[in-house]
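So that the names make sense, note that chain A is the first sequence line, chain B the second, and so on, each numbered from 1.
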Amino acid sequence: MTQEKTPLITDEMRAHVGKESEPYTLEVDKTSIRMFARAVGHTDPIFYDEAAAKAAGYRSLVAPPGYLGTPIFNPNAAARRGRDIGPQPSRPLNRILNGGTEIEYFDDICAGDVLTATSHVASYEEREGSIGQMLITTTKTVYRNQDGKVVAIMTGTGIRY
Amino acid sequence: MAAKWNEITEGMAIPELKKNCSTQQLVLWAAGSGDFYQIHYDKDFAKGTGLSDIIVHGALKHAFLGQLLHDWLGGNGKIKRFGCSYRGMDFPNQDITCKGIVTRKYEENGQKLVDLEIWTENPEGKKTTPGSATVIINS
């Protein structure tokens, strides 16, 4: 006898697709750029030495590829800020894997920039994989700088199972 | 050694970037990226979720591919877009080799553009993080 699996995606989730989150602020500063660059293992001085970054034509230290600022930490915030993955699926899924990341850049991001991001769920998808029933959530986050210019769009894929 | 427009050909491989993460590097990354999920530094926690060991953050491999492109450009261009899928897990103290191949060279809206297939490979030669990128070449 085969048992029909309950779909993970609910009507409430479907209604959530495309809804923009509240904007949140991310700071790009010299210390966090150096920390990120060091964690990756970058050796280019434009990520560490402001004079080198300026000599290469940048305003200040350059945000390394993948670094889109640090969200401002608020100990009183109830939930994790950032990407809003929407309402809970039909049954709780406690395990999370990162499925993929894509970033498109439209301008430089440098130390001193203050980014404002809004994100939305672009799609939910259900798939059966080696780890069982999986819920794949694709989110899009748009980052604007202090001048209101869109500097980057990140597409993230999250896998819950 | 910067990438030069007239030296780029479709099908050419760009210089490899070899990585091998210590657990210390994963902790550095947790702090640098703000991703404190315990499967990346707490072995007991990782095993409790069914993993065999702690695993390298997907976003760190994405950033490695960013470095691969950045180092190849060598200041003579910028990354326009780069992305990857996390298909296979990588573990600390194992080689992660970042590679790229030029798939298309073209001009569009006055920009010199190059598309690449990029990926990371584990010690068995399996592509654990396949992706693609577009870069702008200055000259």
Side-chain angles (χ1 to χ4, degrees), chain A residues 26 31-47 52-53 55-58 62-73 80-82 94-109 129-132 136 138 152-159 161, chain B residues 17-22 24-37 39-40 48-51 55-71 73-76 78-89 96 98 129-136 138:
Chain A
L26 303 105
T31 303
S32 58
I33 283 178
R34 289 193 188 99
M35 183 69 201
F36 189 99
R38 181 184 166 199
V40 176
H42 275 288
T43 54
D44 189 336
I46 66 167
F47 302 128
Y58 295 96
V62 181
Y67 181 63
L68 296 169
T70 303
I72 294 171
F73 180 69
R80 175 176 172 242
R81 280 148 305 124
N94 297 319
R95 290 167 179 175
I96 306 167
L97 288 174
N98 192 345
T101 309
E102 170 154 308
I103 299 174
E104 187 172 6
Y105 289 102
F106 301 94
D107 208 342
D108 297 333
I109 301 171
S130 55
I131 47 177
I136 296 155
T138 304
I153 296 177
M154 180 173 72
T155 306
T157 309
I159 301 167
Y161 64 103
Chain B
L17 176 71
K18 192 150 274 193
K19 294 289 182 179
N20 187 307
C21 303
S22 61
Q24 185 183 53
Q25 184 170 10
L26 299 188
V27 172
L28 266 171
W29 174 260
S33 70
D35 180 351
F36 295 105
Y37 192 25
I39 59 169
H40 303 297
T49 69
L51 296 168
I55 59 169
V56 175
H57 301 73
L60 176 54
K61 294 190 280 180
H62 179 250
F64 285 162
L65 292 172
Q67 186 186 356
L68 170 81
L69 298 166
H70 180 85
D71 288 356
L73 290 171
N76 186 34
K78 278 175 189 172
I79 298 171
K80 185 177 159 68
R81 175 193 70 83
F82 77 118
C84 58
S85 301
Y86 309 119
R87 295 278 171 77
M89 292 171 192
I96 297 173
C98 307
T129 320
S132 65
T134 302
V135 299
I136 304 167
N138 293 343

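- Interface remark: A:Ile159 contributes no atoms to any contact with chain B (heavy atom separation under 4.5 Å).
- Within residues 79-86 of chain B, the residues that have a heavy atom under 4.5 Å from a heavy atom of chain A are B:Ile79, B:Lys80, B:Arg81, B:Phe82, B:Gly83, B:Cys84, B:Ser85, B:Tyr86, listed by number.
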* Kindly indicate, with the supporting measurements, whether the criterion side-chain contact (heavy atoms from CB on, under 4.5 Å) is fulfilled by A:Met35 and B:Leu28. => CA-CA 8 Å; A:Met35 183 69 201; B:Leu28 266 171; 3.5 Å; yes
* Asked: Run the side-chain contact (heavy atoms from CB on, under 4.5 Å) check on B:His70 and A:Phe47 step by step: do they pass?
  -> CA-CA 11 Å; B:His70 180 85; A:Phe47 302 128; 3.5 Å; yes
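- Rounded to the nearest 0.5 Å, atoms CG (B:Leu60) and CZ (A:Phe36) are 8.0 Å apart.
- A:Asn98 contributes atom CG, which lies 7.5 Å from atom CG of B:Asp35 (distance to the nearest 0.5 angstrom).
- Residue contact with chain A, scored on non-hydrogen atoms closer than 4.5 Å, involves the side chain of B:Lys19 exclusively.
- In this structure, A:His42 has its ring center no closer than 6.0 Å to that of B:Phe64.
- Ranked by heavy-atom pairs under 4.5 Å with chain A, the first of B:Ala30, B:Gly58, B:Ala63 is B:Ala63.
- Of the atoms belonging to A:Thr101, heavy atoms from both backbone and side chain fall under 4.5 Å from chain B.
- Looking only at side-chain heavy atoms (C-beta outward), B:Trp29 and A:Val40 come within less than 4.5 Å of each other.
- Most heavy-atom pairs under 4.5 Å with chain A: of the set B:His62, B:His57, B:Gln24, B:Met89, this distinction falls to B:His62.
- Contact tally against chain B (heavy-atom pairs below 4.5 Å) for A:Gly41, A:Gly57, A:Gly66: the top residue is A:Gly41.
- Residues satisfying the salt bridge (Lys or Arg N to Asp or Glu O under 4.0 Å) test with A:Asp108, not counting sequence neighbours, are B:Lys78.
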